[in-house]
K.L.:
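Got a structure here, written out as structure tokens. Questions coming.
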Amino acid sequence: MTTDSVHRLSGEFFQNPHAVYRELNAKGPAHRVEFPSGMNAWLVTGYDLAKEVLTDPSISKDLYGPPGEAAQINGNAALRLDPPVNDHMLYCDPPRHTRLRKIAMRALSSSTIREFTPRIEQIAASLLDAMAGQEPVDLLRAYAYPFSVSVICELIGIRASDRNEFQDWLTTQVSTADVAEKYAAAANFEEYVHRLCEERRGTGGSDLISELMSPADDGDRLDQRELVGMVNVILLGSQETVAGLIGNAVLTMLCQPRLLGDLRRDPDLIPAFLEETLRFESSGNVATPRFTTAPVHLGKHTVGSGQIVLVAPAAANRDPDRFDSPDDMDPSRPDNRHLAFGYGIHRCPGSSMARTESRIALTHLLSRCPDLSLAVDVEELKWQPSLISRGLLSLPVRLGRS
Ligand code: HEM
């Protein structure tokens, strides 16, 4: 690492990362930072440099291989996610990544989403039925989270009666629980996914597990360990992100009465509003870690091998060199090519699904609750202290007349 000065981020960073990013972007597109957890890394905040890093083959995602090990040795011991059920497509490089991704893309195709859309509509409607009369209500706990969890669990085929226990295993294995507890949760998770696969094998079903189990055009298929990793990354990649985006979109519109009025009058404006929300306040803050495998230039800095590089789409999406008036929410913004879904070979394969889900969730909410309003002052809202997610801890609202 060069002798560049270190920017130490405090806990306040999570409450308002945009203020920090504004300051950093004014200085340059890359910065040496230390996070409150003690992790040290290079943080990329500029839009053009973010795209360069996300497409640089010398910057690796191989967390469980030598690139990830080198970064741990360089003072980031807590980086690796145990247990290895997390060793999946998001944390590997080509050629392994290429074959895993091909199978994931097929399983999350537009025809899968189209077929499932009527069921997504029903899930939104029945959650709103259940919320009627609750006043005030935490929109995240009562609507956004159960919605995103139900959609993906149903698509995968996890029975409603198993979901609570299954969710516990899923979140425990990536939590800060002790290692024994994490391994026990991962073992239960793996066993459950194996059972699901056995139930589906040979049924010719069109559900996600059956798609993931069937061979690719060239005959390649996932082995059991890869299948478990794939289910894991799809579940982890889709729940918090979609729920967070719905929460952030609702907060944004409730803070802008004119925009709220326009969206109520004309629900066809919702997709453009959501696209701008993805730029303005997406549910992702920083993308997952990358590792240098050779010296690279990040802006004016030369960074040695074995360093962690973190790209922040939340910062790049408000880079004033790329977007005019970046801190304004403007659904009619032209050329809104934000990086909320990443860029390059790891770009989110669930982006169409995420857009469909959030459009349906907002459309149903607005049509059912035209008087929706915040139940607290906006200053009282707290954000998750998370580097990866940008989502509220709770969003108390009044539903008004239904
Ligand atoms: C608003 C919702 C979502 C956002 C903002 C989002 C964002 C992202 C981003 C930024 C990445 C790239 C991470 C990196 O390069 O470090 C990613 C990857 C991924 N996402 Fe999403 N995502 C969302 C929804 C979903 C959904 C609904 C699914 C699945 C149904 C999904 C599955 C995945 C998977 C499997 C990857 C890994 C891709 C790879 O490594 O090639 N995501 N997502």
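Whatever order the structure lists ligands and atoms in, that order sets their numbers, starting from 1. Only this structure's heavy atoms are used, side chains among them; waters, hydrogens and symmetry mates stay out. What you see is a predicted model, and the numbers here were worked out from it, not measured in a lab.
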K.L.:
Would you say the ring centroid of F13 lies under 6.0 angstrom from that of Y21?
P.N.:
yes
K.L.:
Heavy-atom distances under 4.0 Å are what count here, so tell me which part of P313 touches ligand 1: side chain, backbone, both or neither.
P.N.:
neither
K.L.:
Among side-chain atoms of H18 and E281, is any donor-acceptor pair under 3.5 angstrom?
P.N.:
yes
K.L.:
How close does the nearest protein non-hydrogen atom get to atom 25 (C) of ligand 1, and which residue and atom is it?
P.N.:
G237 O, 3.3 Å
K.L.:
Distance under 6.0 Å and angle within 45° of the ring axis: does R318 meet both against F323?
P.N.:
no
K.L.:
Below a 4.0 angstrom heavy-atom separation, can you tell me which part of L108, side chain or backbone, both or neither, approaches ligand 1?
P.N.:
side chain
K.L.:
Would you please say whether a donor-acceptor pair under 3.5 Å links the side chains of Y145 and E240?
P.N.:
yes
K.L.:
Where is the nearest protein heavy atom to atom 11 (C) of ligand 1: which residue, which atom, and how far?
P.N.:
F341 O, 4.0 Å
K.L.:
Within ligand 1, which atoms have a heavy atom of A340 less than 4.0 Å away?
P.N.:
5 (C), 7 (C), 10 (C)
K.L.:
At what distance is the nearest protein heavy atom to atom 33 (C) of ligand 1, and which residue and atom is it?
P.N.:
P349 CD, 3.6 Å
K.L.:
Pull out every atom of ligand 1 sitting under 4.0 Å from any heavy atom of K61, numbered as shown with elements.
P.N.:
16 (O)
K.L.:
Quick one: which of R347, R290, H97 has a heavy atom closest to atom 15 (O) of ligand 1?
P.N.:
R290
K.L.:
Any N or O on R101 sitting closer than 3.5 Å to an N or O of ligand 1?
P.N.:
yes
K.L.:
Which residue owns the protein heavy atom closest to atom 21 (Fe) of ligand 1, what's the atom, and how far is it?
P.N.:
C348 SG, 2.3 Å
K.L.:
Atom 23 (C) of ligand 1: which protein heavy atom is closest, and how many Å away?
P.N.:
T241 OG1, 3.5 Å
K.L.:
Could you find the nearest protein heavy atom to atom 37 (C) of ligand 1 and give me its residue, atom name and distance?
P.N.:
L90 CD1, 3.7 Å
K.L.:
Ligand 1 versus H346, non-hydrogen atoms closer than 4.0 Å: side chain, backbone, both, neither?
P.N.:
both
K.L.:
Which atoms of ligand 1 have any heavy atom of T288 under 4.0 Å away?
P.N.:
14 (C), 16 (O)
K.L.:
Just by distance, with hydrogens left out, do D62 and S60 show a side-chain donor and acceptor under 3.5 Å apart?
P.N.:
no
K.L.:
Taking the six-membered ring for Trp, are W42 and H31 ring centroids under 6.0 Å apart?
P.N.:
no
K.L.:
Donor-acceptor pair, distance only, cut-off 3.5 Å: does the side chain of R368 make one with the backbone of A125?
P.N.:
yes
K.L.:
With rounding to the nearest 0.5 Å, note down the distance linking CG in L274 to CZ in R355.
P.N.:
9.5 Å
K.L.:
Students should be able to answer this: which protein heavy-atom is nearest to atom 29 (C) of ligand 1, and at what distance?
P.N.:
S238 CB, 3.7 Å
K.L.:
Relative to each other, are the rings of Y64 and Y91 parallel, tilted or perpendicular (30° and 60° limits)?
P.N.:
perpendicular
K.L.:
How about S210 and D207: does a side-chain donor come under 3.5 Å of a side-chain acceptor?
P.N.:
yes
